[in-house]
Number of protein chains: 2
Amino acid sequence: MKNNNVFLEKLRSSGLILTKQRIEICKFLFDRKETFHFTINDLQSILRKRSNEKISLATIYNTVHTFKKKGFLKEILINSNSNSNSNYFDTNVSNHHHFFDESTNELIDLKDSDVGDIKIKKNITKKKIKSIEVLVRLAK
Amino acid sequence: MKNNNVFLEKLRSSGLILTKQRIEICKFLFDRKETFHFTINDLQSILRKRSNEKISLATIYNTVHTFKKKGFLKEILINSNSNSNSNYFDTNVSNHHHFFDESTNELIDLKDSDVGDIKIKKNITKKKIKSIEVLVRLAK
DNA sequence: AATTAGATTAGAATAATTCTAATATATTGA
DNA sequence: TCAATATATTAGAATTATTCTAATCTAATT
Ligand SMILES: [Mn+2]
Ligand SMILES: [Mn+2]
Ligand SMILES: [Zn+2]
Ligand SMILES: [Zn+2]
């Protein structure tokens with residue numbers, strides 16, 4: 001394998017070492033057109049099925065957090081139902097809005113154009129706004 | 001003490017037993033005018049300082065989750081900074097928007113009137129919208 | 001007031017996450 | 001080219017967060 005695919009480009013240009021664990025994870029996460037949302041456990045069980053080379057759970061945590069730090073992933077916390085929370089990661093790292101479908105536990109990107117402009121009317125503090133994100137919950 | 005204060009009224013009317021642990025927690029959380037946002041660990045260390053009767057951490061979890069189930073508290077998950085998340089609980093149980101100040105890790109309620117109406121333009125699914133909430137992050 | 005059924009507490013068990021010693025990779029200079 | 005060394009990464013161990021459940025407490029019934 002030449003490892004010169006486009007989805008490895010970000011890894012290659014990041015300064016991170018291209019280890020077989022990272023290549024495997026990178027291949028799965030970034031070789032796709034659409035945004036992908038996943039939890040650490042989703043990722044571990046998918047990787048287990050795809051390959052017989054075991055990647056330790058600690059390494060999956062390490063890699064996902066490293067990718068987040070590099071700006072390749074974004075973390076989205078969701079109160080998924082009355083008794084459990086989920087830490088999702090998102091291959092769409094831009095500021096963007098979400099639907100969360102409580103019947104399927106699916107997190108779905110909303111385009112900016114799907115949500116009207118949001119204007120914060122009262123400037124309660126003088127501090128600079130870093131992001132404004134909307135979460136729309138769909139009932140069960 | 002008569003335990004007939006207004007902040008105990010919700011507990012009294014909920015069908016839950018008024019134990020000394022719950023009364024202590026209820027007294028601290030609900031005997032106030034303003035919304036209060038806290039984490040489990042915030043609450044534990046505050047309760048430790050206020051009283052010399054130890055309440056076990058498991059009981060604090062139990063009580064907070066019980067209060068949430070009864071609708072006295074609401075859980076708000078925040079990606080507080082690049083390397084840590086927080087499970088806040090909120091004494092304001094209505095659907096409402098928040099500021100999160102990354103320099104102080106403070107979560108602050110936004111009034112509906114402080115945020116313009118939000119209109120979801122594309123009805124991506126046919127499912128009913130349960131809530132729409134905005135999180136505004138203030139930069140460090 | 002004793003008996004019983006059900007609710008609650010809190011230490012024990014488990015699950016989630018992070019730490020760090022061992023290993024792997026990259027860099028340097030003979 | 002290839003040791004030697006420095007730096008980065010991996011993954012099992014340790015720790016922290018959360019849940020489970022047996023012992024205890026409370027309320028209802030007689
Ligand atoms: Mn958690
Ligand atoms: Mn967590
Ligand atoms: Zn997304
Ligand atoms: Zn709030």
Side-chain angles (χ1 to χ4, degrees), chain A residues 3 8 10-29 38-45 47-48 51-70 72-73 75-89 105, chain B residues 3 8 10-29 38-45 47-48 51-70 72-73 75-89 105:
Chain A
N3 286 340
L8 286 176
K10 46 174 61 168
L11 184 49
R12 204 184 303 283
S13 67
S14 71
L16 294 171
I17 293 172
L18 276 75
T19 64
K20 65 183 196 307
Q21 292 88 343
R22 283 180 181 156
I23 290 169
E24 190 67 24
I25 293 172
C26 197
K27 197 181 292 186
F28 174 66
L29 291 180
F38 64 97
T39 66
I40 294 283
N41 287 309
D42 290 343
L43 185 56
Q44 182 183 45
S45 62
L47 291 172
R48 274 214 185 116
S51 160
N52 39 14
E53 307 277 330
K54 184 201 170 190
I55 299 177
S56 99
L57 183 57
T59 297
I60 296 174
Y61 273 97
N62 286 339
T63 303
V64 165
H65 287 144
T66 300
F67 285 179
K68 179 184 169 189
K69 211 165 297 168
K70 285 290 176 183
F72 303 157
L73 291 172
E75 193 166 8
I76 312 283
L77 302 179
I78 300 280
N79 209 211
S80 42
N81 63 59
S82 55
N83 40 213
S84 87
N85 304 322
S86 302
N87 296 22
Y88 284 88
F89 291 85
N105 273 23
Chain B
N3 285 340
L8 286 177
K10 45 174 61 169
L11 184 50
R12 203 183 304 283
S13 66
S14 69
L16 294 171
I17 293 171
L18 276 75
T19 64
K20 64 182 196 306
Q21 292 89 341
R22 283 181 181 156
I23 290 169
E24 190 68 22
I25 293 172
C26 196
K27 197 182 292 187
F28 174 66
L29 291 180
F38 64 97
T39 66
I40 293 283
N41 287 309
D42 291 343
L43 185 56
Q44 182 183 43
S45 62
L47 292 173
R48 273 213 185 117
S51 161
N52 40 14
E53 308 277 331
K54 185 202 169 190
I55 300 177
S56 99
L57 184 56
T59 298
I60 296 174
Y61 273 96
N62 286 339
T63 304
V64 165
H65 286 146
T66 300
F67 285 179
K68 179 184 169 190
K69 210 165 298 169
K70 285 291 178 185
F72 303 157
L73 292 172
E75 193 166 7
I76 312 281
L77 302 179
I78 299 279
N79 207 211
S80 43
N81 62 59
S82 53
N83 41 213
S84 87
N85 304 322
S86 302
N87 295 23
Y88 285 88
F89 291 86
N105 272 23

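Letters go in sequence order (proteins before strands), and every chain restarts at 1.
- For dT18(D), one of the phosphate oxygens OP1 or OP2 lies less than 4.0 angstrom from a side-chain nitrogen or oxygen of Asn87(B).
- OP1 and OP2 of dA24(C) both lie 4.0 Å or more from every side-chain N or O belonging to Gln21(A).
- Heavy atoms of Thr59(B) sit under 4.0 angstrom from at least one base atom.
- Contacts of Lys20(A) with the nucleic acid, taken as non-hydrogen atoms under 4.0 Å apart, are absent.
- Rounding to the nearest 0.5 Å places CD1 of Ile25(B) at 10.0 Å from CG of Leu73(B).
- Within the 3.5 Å criterion, the main-chain N or O of Lys10(A) finds a donor-acceptor partner in the side chain of Ser13(A).
- Distance Phe89(B) CZ to dA17(D) P: 14 Å, rounded to the nearest Å.
- Within the nucleic acid shown, Ile40(B) has no heavy atom closer than 4.0 Å to any nucleic acid atom.
- Of the residues near DNA chain C, Lys54(B) and Ala58(A), the one whose nearest nucleotide (by heavy atom distance) lies more toward the 5' end is Lys54(B).
- As a whole-Å value, the separation of Asn83(A) CG from dT18(D) C1' is 13 Å.
- For the pair Gln44(A) CD and dG12(D) C1', the interatomic distance rounds to 14 Å; values are reported in whole Å.
- Nearest-nucleotide positions on DNA chain C for His65(A) and Ile55(B) put Ile55(B) closer to the 5' end.
- Taking CD1 from Ile76(B) and CG from Asn87(B), the interatomic distance works out to 10.5 Å, rounded to the nearest 0.5 Å.
- One finds a side-chain N or O of Thr19(B) lying less than 4.0 angstrom from the OP1 or OP2 phosphate oxygen of dT9(C).
- We find that CG of Leu16(B) is positioned 15 Å from C1' of dC25(D), with the value rounded to whole Å.
- To the nearest angstrom, P of dA16(C) lies 15 Å from CG of Leu77(B).
- Going from atom CG of Leu57(B) over to atom C1' of dT15(D) covers 14 Å, rounded to whole Å.
- In the set dA7(C), dA16(C), dT9(C), dA7(C) carries the atom at the smallest distance from any side-chain atom of Ile17(B).
- The interatomic distance linking Lys70(B) (NZ) with dT8(C) (C1') rounds to 14 Å, in whole Å.
- Donor-acceptor pairing under 3.5 Å is recorded for the side chains of Ser84(A) and Ser80(A).
- A donor-acceptor contact under 3.5 angstrom links the side chains of Asn81(B) and Asn83(B), judged on distance only.
- Atom CG in Asn62(B) sits about 14 Å away from atom C1' in dA12(C), given to the nearest Å.
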